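Sequence lines set the chain letters: A, B, ... in the order given, protein chains first and strands last, and positions in each chain run from 1. Treat the numbers as computed from the prediction; the structure is a model and nothing was measured.
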Amino acid sequence: MLSVSELSFERYFEPVFEPVSFELSAGSLMLITGSNGCGKTTLLRLLAGLLEPSEGKFKTREQPLYAGHNPAIKDDLSVEENIRFWMKFMGTRKTGLGDALCKRVIEEIGLTPVAMQEGRTLSAGQRKRCSLARLLFCDEALWLLDEPYSNLDREGIGMLDRIVRSHLDGGGACIMTTHGSLRPEGFELQECHMISGRERYAGAAA
Amino acid sequence: MSRQTSPTAFAALLRRDFLLAYRRRAELLQPLLFLLVVTTLFPLGVGPSPQLLANIAPGVIWIAALLATVLSLDSLFRSDYEDGTLEQMILSGQPLALIALARTVAHWLVAGLPIVLLSPLLALWMNLPAEGMSILIKSLIIGTPVLSLIGAIGGALTVSLKRGGQLLSLLVFPLYVPLLILATNAVSSSVAGLPYTGQLGLMVAGLIGSLTLAPFATAAALKLSLS
Amino acid sequence: MNRLYLFFHKTGSPPWFYKYSGYLIPWLWAGFLLLTAIGLYLGLLVAPADYQQGESVRIMYLHVPAAWMSMMIYGLMAIWGFIALVWRIRIMEVLIISSAPIGAAFTLIALVSGSLWGRPTWGTYWVWDARLTSELVLLFLYFGVIALYNSFDEPRKAARAASLLSIVGAINLPIIHFSVLWWNTLHQGSSIGTSGNSIHPSMLWPLLYMAVAFKLYYGANLLSRARLRLLTQDHRKRWVQDLLTKESS
């Protein structure tokens with residue numbers, strides 16, 4: 001589904017991370033690990049198409065779905081209005097635009113009690129849940145999730161695991177980043193450990 | 001393509017923008033109050049002589065409109081940039097120029113159109129002769145969308161900068177020069193009983209030109225602001 | 001297409017550019033000095049004084065070529081910028097941002113020399129004359145590009161923003177120029193200008209020498225600036241390190 005070869009990205013004329021290569025097939029989950037600042041987010045943004053690679057390339061037929069650190073939630077709109085906007089804007093025609101689907105999505109991410117509340121009133125964990133709603137109404141096969149577990153409570157982590165599992169069972173693929181503490185439980189994982197470009201540079205100089 | 005059709009996405013975006021503008025309606029008033037205050041300063045600064053005010057009225061009103069527009073441009077893409085909405089929009093697969101156009105149309109409707117509606121009051125204050133009134137309104141109707149369209153390029157270029165506001169005015173004011181010349185001249189000509197249709201025609205040409213080109217430049221600027 | 005792309009790619013590689021521009025620069029400087037010497041000699045000593053404007057007409061030999069350069073460089077920046085955005089060639093990004101200060105300097109020369117010429121001619125240093133006004137707006141356009149570039153932290157992102165702005169500016173530049181000309185004819189009866197009058201060959205030749213000399217100056221200065229910028233940006237890269245060890249040995 002996705003093949004990455006010798007991908008690298010430069011910022012301030014220095015590589016952000018060591019060149020990355022991997023293959024990802026349908027139905028598999030890849031975990032990208034590495035310390036803070038080693039370029040995990042940059043890699044996902046490259047794969048999403050927000051950045052252009054400096055060297056190397058990646059091949060995929062899919063338009064990936066990217067869920068980054070910013071939740072893309074408007075403070076002045078309610079949870080339901082936020083989700084409905086994104087359903088209309090990027091949702092598929094297949095899933096339809098009905099209120100029923102919107103209600104179901106909100107229920108599934110566990111935000112029914114606050115569905116009418118404005119975005120500004122949400123806690124960090126609720127925001128995260130709200131931004132994950134996108135996973136439920138878009139039908140992209142390739143998911144790029146940046147630190148999806150951050151801010152989620154135990155129940156939220158279980159919810160995300162369920163969503164990811166049903167995505168993988170349906171023939172999708174998923175790449176997620178983590179800086180260590182939180183990892184998906186009970187999955188067969190491919191792992192890609194990233195090394196910051198600066199670390200290598202410091203090593204070479206020494 | 002399993003994606004949403006573009007017209008649906010365009011309409012959804014416009015609807016969202018109006019809803020957001022409505023929820024934040026107090027902020028919409030600020031550029032308009034600014035317009036009124038700036039216009040008030042001119043008679044206080046140059047003296048209340050009706051003849052003098054009538055002479056400078058088209059220029060004063062148009063410059064105040066430029067300033068008010070640029071004031072509201074800084075926020076055009078900023079909140080969408082900061083909360084991650086913009087990157088999701090870019091990744092949605094919808095044509096980015098269309099997204100830029102939708103934001104610009106919304107900007108004109110909530111920031112440009114009120115300037116047009118307020119202009120008769122400004123014309124009255126500035127003692128603009130009655131013959132000039134309808135041409136002033138026409139020039140603003142044609143011209144303010146151009147201000148939004150060209151200004152959106154500047155707004156998109158500076159959206160990732162922390163303090164983009166001042167830079168934005170440095171970038172867009174020189175680009176506004178032809179419009180200012182044509183518009184103020186059309187109004188002065190009509191007051192003096194001279195032909196003005198040529199100027200308005202050129203302004204319409206400018207509107208069509210910027211309507212076709214500016215959204216693409218804005219889209220490119222948004223893309224690079226997110227990189 | 002492929003061959004064109006390869007050509008760009010090769011020309012766009014910093015070591016290649018650094019090497020070959022180094023051969024070119026001395027010739028450009030030499031040509032600039034020679035042509036300036038001839039141009040100034042012809043303009044200041046050989047050409048006659050104007051019957052209307054007197055000796056101050058000689059300012060024209062500086063003013064007019066500088067004004068031409070100011071417009072030309074902005075147009076070139078739009079071309080460099082277009083190539084930089086479409087093919088993402090780094091040399092072009094370096095060229096555009098190295099061009100901006102040179103262009104702004106020529107614009108400033110045109111403005112200052114124009115206003116010095118205006119003093120004896122109009123009796124004042126500044127008149128909202130069409131050409132001076134449009135040069136002034138052009139100066140603001142240059143300042144915009146430079147300020148935008150300096151506002152970004154990441155140099156490549158900054159260069160692409162500057163490229164986009166100069167393309168937008170270059171599309172607007174003729175419109176600004178002609179609207180200012182038209183505005184000027186409305187507000188002023190007539191101003192003394194050299195346009196329209198046929199120029200005597202003895203005045204034309206120094207003008208042309210100076211115009212070519214300025215273009216060579218732009219080439220030399222641009223390449224020098226671009227090389228310096230490349231060295232600074234790549235100072236950790238292998239090719240610069242190799243260059244340094246070669247020079248020190």
Side-chain angles (χ1 to χ4, degrees), chain A residues 9-11 41-42 44-54 62-78 80-97 118-120 122 127-128 130-131 133-134 137-144 146, chain B residues 1-28 75-96 98-103 106 110 156 159-160 219-227:
Chain A
F9 183 75
E10 284 187 7
R11 202 174 272 136
T41 298
T42 307
L44 284 199
R45 290 174 74 84
L46 274 169
L47 295 176
L50 285 168
L51 302 175
E52 296 269 337
S54 307
E62 313 291 331
Q63 160 83 32
L65 182 117
Y66 168 75
H69 284 290
N70 288 328
I73 294 163
K74 286 278 148 206
D75 279 348
D76 293 302
L77 299 182
S78 72
E80 197 189 319
E81 284 165 336
N82 268 302
I83 290 178
R84 188 164 309 182
F85 164 68
W86 284 116
M87 278 174 62
K88 283 211 172 163
F89 192 82
M90 53 169 28
T92 61
R93 268 174 284 179
K94 193 169 68 194
T95 48
L97 307 169
E118 288 187 339
R120 73 176 82 255
L122 299 183
R127 275 167 188 274
K128 191 82 195 177
C130 194
S131 70
R134 213 166 295 129
F137 58 74
C138 289
D139 60 359
E140 275 80 5
L142 177 61
W143 288 359
L144 307 171
D146 199 3
Chain B
M1 279 294 279
S2 61
R3 291 287 185 172
Q4 198 56 261
T5 57
S6 295
T8 316
F10 187 87
L13 186 52
L14 270 187
R15 194 177 162 277
R16 182 206 73 149
D17 283 347
F18 291 140
L19 197 57
L20 283 175
Y22 177 72
R23 300 262 159 94
R24 289 244 160 225
R25 50 199 179 275
E27 277 175 21
L28 292 181
S75 58
L76 180 55
F77 296 108
R78 192 160 294 275
S79 80
D80 279 345
Y81 173 81
E82 281 167 357
D83 66 17
T85 304
L86 206 54
E87 62 189 19
Q88 289 301 331
M89 285 180 177
I90 287 178
L91 295 176
S92 70
Q94 303 292 350
L96 193 49
L98 204 70
I99 297 170
L101 183 64
R103 287 295 290 127
V110 300
V159 72
S160 63
L222 287 175
K223 188 99 206 294
L224 87 85
S225 281
L226 273 167
S227 69

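Proximity to chain A (any heavy atom under 4.5 Å) is shown, for S6(B), by neither the backbone nor the side chain. Using a 4.5 Å cut-off between heavy atoms, I90(B) touches chain A through its side chain atoms alone. At a 4.5 Å heavy-atom cutoff, the contact between L77(A) and chain B is made by backbone and side-chain atoms alike.
Counting heavy-atom neighbours within 6.0 Å of Y22(B) OH, excluding the residue itself, gives a total of 12 or less. No more than 12 heavy-atom neighbours from other residues, nucleotides or ligands sit within 6.0 angstrom of CZ on R15(B).
Here the closest non-hydrogen pair linking F89(A) and S92(B) is CE2-OG, 3.3 Å. Across all their heavy atoms, R45(A) and L226(B) have their closest contact at NH2-O, 3.0 Å. The nearest pair of heavy atoms linking Y66(A) to Q88(B) is O-NE2, 2.7 Å. Across all non-hydrogen atoms, the minimal contact from R23(B) to S78(A) is NH1-N, 4.4 Å. Heavy-atom minimum distance, L91(B) versus Q63(A): O-NE2, 2.7 Å. The minimum heavy-atom distance linking K223(B) with G49(A) is given by the pair NZ-O, 3.6 Å.
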Requested in this report: Start with the C-alpha gap between K88(A) and L13(B), add the side-chain angles, then the distance that decides, and say whether side chain to side chain contact (heavy atoms under 4.5 Å, CB included) holds.
Outcome: CA-CA 9 Å; K88(A) 283 211 172 163; L13(B) 186 52; over 6 Å; no
Query raised in the report: Which is it for N70(A) and Y81(B) under the side chain to side chain contact (heavy atoms under 4.5 Å, CB included) test, yes or no, and what are the steps along the way?
Result: CA-CA 9 Å; N70(A) 288 328; Y81(B) 173 81; over 6 Å; no
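With rounding to the nearest 0.5 angstrom, the CG atom of D17(B) is 8.5 Å from the NZ atom of K74(A).
Chain A forms more heavy-atom pairs under 4.5 Å with one residue of A11(B), A9(B), S227(B) than with any other, namely A9(B). Your options are I99(B), L20(B), L19(B), and the one with the most heavy-atom pairs under 4.5 Å with chain A is L20(B).
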